[in-house]
There are 2 protein chains.
Amino acid sequence: MKKVTIRDIAREAGVSVATVSNVLNGVEKCREETRERVLKTARELGYRPNISAKTLATRRSGLLGIVINEKTEGSSFSQMNLLVNGMNSAIRRYENYDLIITEVFRDGSMEYLRDWIAKRDLEGVIFLGDYEEELLREIEKTGIPMVMVDNYGEELKEASYIHSEDTLGSYLAVEHLIERGSRSVAFVCGSLDENEVYRRRFYGYKAAVEEYGLALTEENILETEETFRGGYEATRRICEAGKTDAIFFSYSEGALGALKYLNGRRDIPGEMKIIAFGDTQAWEYTTPSLTSTDQQVSYKGELAVDMIIDKIGDRGKFKREVSIPVKIRKRETT
Amino acid sequence: MKKVTIRDIAREAGVSVATVSNVLNGVEKCREETRERVLKTARELGYRPNISAKTLATRRSGLLGIVINEKTEGSSFSQMNLLVNGMNSAIRRYENYDLIITEVFRDGSMEYLRDWIAKRDLEGVIFLGDYEEELLREIEKTGIPMVMVDNYGEELKEASYIHSEDTLGSYLAVEHLIERGSRSVAFVCGSLDENEVYRRRFYGYKAAVEEYGLALTEENILETEETFRGGYEATRRICEAGKTDAIFFSYSEGALGALKYLNGRRDIPGEMKIIAFGDTQAWEYTTPSLTSTDQQVSYKGELAVDMIIDKIGDRGKFKREVSIPVKIRKRETT
DNA sequence: GTGAAAGCGCTAACAT
DNA sequence: ATGTTAGCGCTTTCAC
């Protein structure tokens, strides 16, 4: 079964390659009759377009890059698979596009990334999670359309952003804790310095705490490593201090660590309430089941693809910022 | 910054494009002096190869396809991200290769997949999880090198397979339960009919049960949906029957559902022991922490890439089957 | 050891 | 409405 080209179709259908190309690309420059004949022979011959040739001729590869960072991906608990799931659903709607994937490691990935984008003629790239501003700026210089997911970067002028309603979501989460009776809520997150997402969530926390007249104390703000263990340790410290009756986790793994520490030591939610930013089916099945905020991860993925394709159409101009609403899933920890 | 081509390099370095091409591809047909001059100008000009052109000329795209199925990916708990993590690590070792990804949905994905492979000139494809035999056979007909991960398919003659030591692993897991004092072990899995992985795990279970002289009863074998809920319901049924003191979960989510049901109802591990096939960091932090079998998922991903690249080198012939050893991570549920 | 030239499959002027 | 043709950037005989 050798390769069928448009030349074969042209010969067989008795037309020129240009006509075949036109028909195949939906260019309306021929009469219906020819159109159908070309389409028919194409089908009969089992023609499959060769994208490399097309790309070479047009500079359009139909390739969207997905960039993942080591940290996000290494975590067995991350919701990256849901994101990718959403992207895969969305990409099916765009016949000529495919997803190509890479991972950025801590060191010197910039040159790698630039090469990657250039050599594959990527048309757009979606970044999942956090990256150094410098890397992003360098990539933006190449002029490629970019969409950032779960990541804020004030300095990029043309990239679009998708994230959760971090501030509002956190406000609602903390409000929920207070409504359930809490009088002192702790806020646990990763590095506030390095991570705008956590800063936003902190603003939401702060707003709720002040709004409801609770004290905003330093000991109630804990920056930890973003792991199960980080949550466990934070909870231990909080309990040892003994002044707090609820914890908000900015990274959801932490909440599982918290439950581990609390079970057998404190009554949940009586003595300690827990809420986590980020929902997972699993949270229904922890002991006790975990109240959390649902960020519609899969939908974020779909949106990312739709947005990047829009941007490609708009020739890369035009920045957008989309916040995905957050819903509270109330369960046993509150 | 316009596109730099080998033609530019040739002109600048005062040689022909053929020589540039040779040098760039490491063909040893010129003297050291020319070689260095070409390399130097290439660097100075900021040359980046154009893969589409290369692919068009050579039929080698440097693209490896990853196929995911809807089910695996939709599960927020799947370890797909770890697999992809491993693949991304491995792919970095092969300068000319990249990973392109797609998802197979339940219906009529065969034609889609064939097109995908053909139009992108994929050099090899890695399947994660389960697919219909017919689909796989059709793809194999195209002659493309295939590597299957966590999936057994007796009928494919040239594809290679990577999976866990399912039978031995299950044997060890059940043996562990028995050694901890169990006298009646239940086996919970998804559809045995449809899934060879579960059949293998069942053989291991059966072997251990017989080896240690326990009874092999029908009520101790439960086929359920492979979800948290499936595990929860299975556990409820087992407890209501009241004849069993340990459960082996072939899909690890089930174990979380089991804990949910058991906490407050039964003493773990006193009255009921639990073990799950498939480890996750999270299992350290459940209440109680979950004993499980570690299948080195990330390593599987690396191996998949290495194997497919080998196959591409060998021109697609030569079938291999690799079983990844399974280790038991003993925790509080046993 | 190096160069000239044909060609990979497709697109897009430009002609007709 | 359709055909001719010149590339897109690279590889690869085949000559020199």
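Letters A, B, ... mirror the listed sequences (proteins, then strands); counts begin at 1.
- Overall, the helix from C/dG1-D/dC16 to C/dT16-D/dA1 carries an axis bend of 40° between its ends, with five pairs at each end and the value rounded to 10°.
- Here the P atom of nucleotide D/dG9 and the NZ atom of A/Lys119 are 18 Å apart, to the nearest Å.
- Side-chain N/O atoms of B/Thr102 and B/Tyr112 include a donor and acceptor closer than 3.5 Å.
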Protein and nucleotides 10-12 of chain D: nitrogen or oxygen contacts under 3.5 angstrom:
{"unit_1": "D/dC10", "atom_1": "OP1", "unit_2": "B/Tyr47", "atom_2": "OH", "d": "2.4"}
{"unit_1": "D/dC10", "atom_1": "OP1", "unit_2": "B/Asn50", "atom_2": "N", "d": "3.3"}
{"unit_1": "D/dC10", "atom_1": "OP2", "unit_2": "B/Ile6", "atom_2": "N", "d": "2.7"}
{"unit_1": "D/dT11", "atom_1": "OP1", "unit_2": "B/Asn25", "atom_2": "OD1", "d": "3.4"}
{"unit_1": "D/dT11", "atom_1": "OP1", "unit_2": "B/Asn25", "atom_2": "ND2", "d": "3.1"}
{"unit_1": "D/dT11", "atom_1": "OP2", "unit_2": "B/Ser21", "atom_2": "OG", "d": "2.8"}
{"unit_1": "D/dT11", "atom_1": "OP2", "unit_2": "B/Asn25", "atom_2": "ND2", "d": "3.4"}

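- When only modelled atom types and interatomic distance are considered, A/Ser164 and A/Lys300 share a side-chain donor-acceptor pair under 3.5 Å.
- Within the nucleic acid shown, A/Thr34 comes within 4.0 Å of sugar-phosphate atoms alone, with no base atom in reach, counting heavy atoms only.
- Separating the CD atom of B/Glu32 from the C1' atom of C/dT2 is a distance of 16 Å, rounded to the nearest angstrom.
- Annotation: cation-pi geometry not satisfied between A/Arg92 and A/Tyr97 (NZ/CZ under 6.0 angstrom from ring centroid, within 45° of ring axis).
- Atom CG in A/Asp121 sits about 15 Å away from atom C1' in C/dC10, given to the nearest Å.
- Between the side chains of B/Ser52 and B/Thr55, no donor N or O sits under 3.5 Å from an acceptor N or O.
- C/dT11 atom P lies 10 Å from atom CD1 of A/Ile9, rounded to whole Å.
- With salt bridges taken as basic N to acidic carboxylate O contacts below 4.0 Å, one links B/Arg114 and B/Glu111.
- The distance between atom CZ of B/Arg35 and atom P of C/dG1, rounded to the nearest whole Å, is 14 Å.
- The interatomic distance linking A/Glu36 (CD) with D/dT2 (P) rounds to 12 Å, in whole Å.
- For the residue pair B/Tyr94 / B/Asp306, a side-chain donor-acceptor distance below 3.5 Å is found, with atom types taken as modelled.
- Taking atom CZ of residue A/Arg59 and atom C1' of nucleotide C/dT11, one finds them 13 Å apart after rounding to whole Å.
- A donor and an acceptor atom, one from each side chain of B/Asn195 and B/Asp130, are located under 3.5 Å apart.
- When only modelled atom types and interatomic distance are considered, A/Asn85 and B/Glu103 share a side-chain donor-acceptor pair under 3.5 Å.
- C/dC10 atom C1' lies 14 Å from atom CG of A/Asn96, rounded to whole Å.
- Side-chain N/O atoms of A/Gln295 and A/His163 include no donor and acceptor closer than 3.5 Å.
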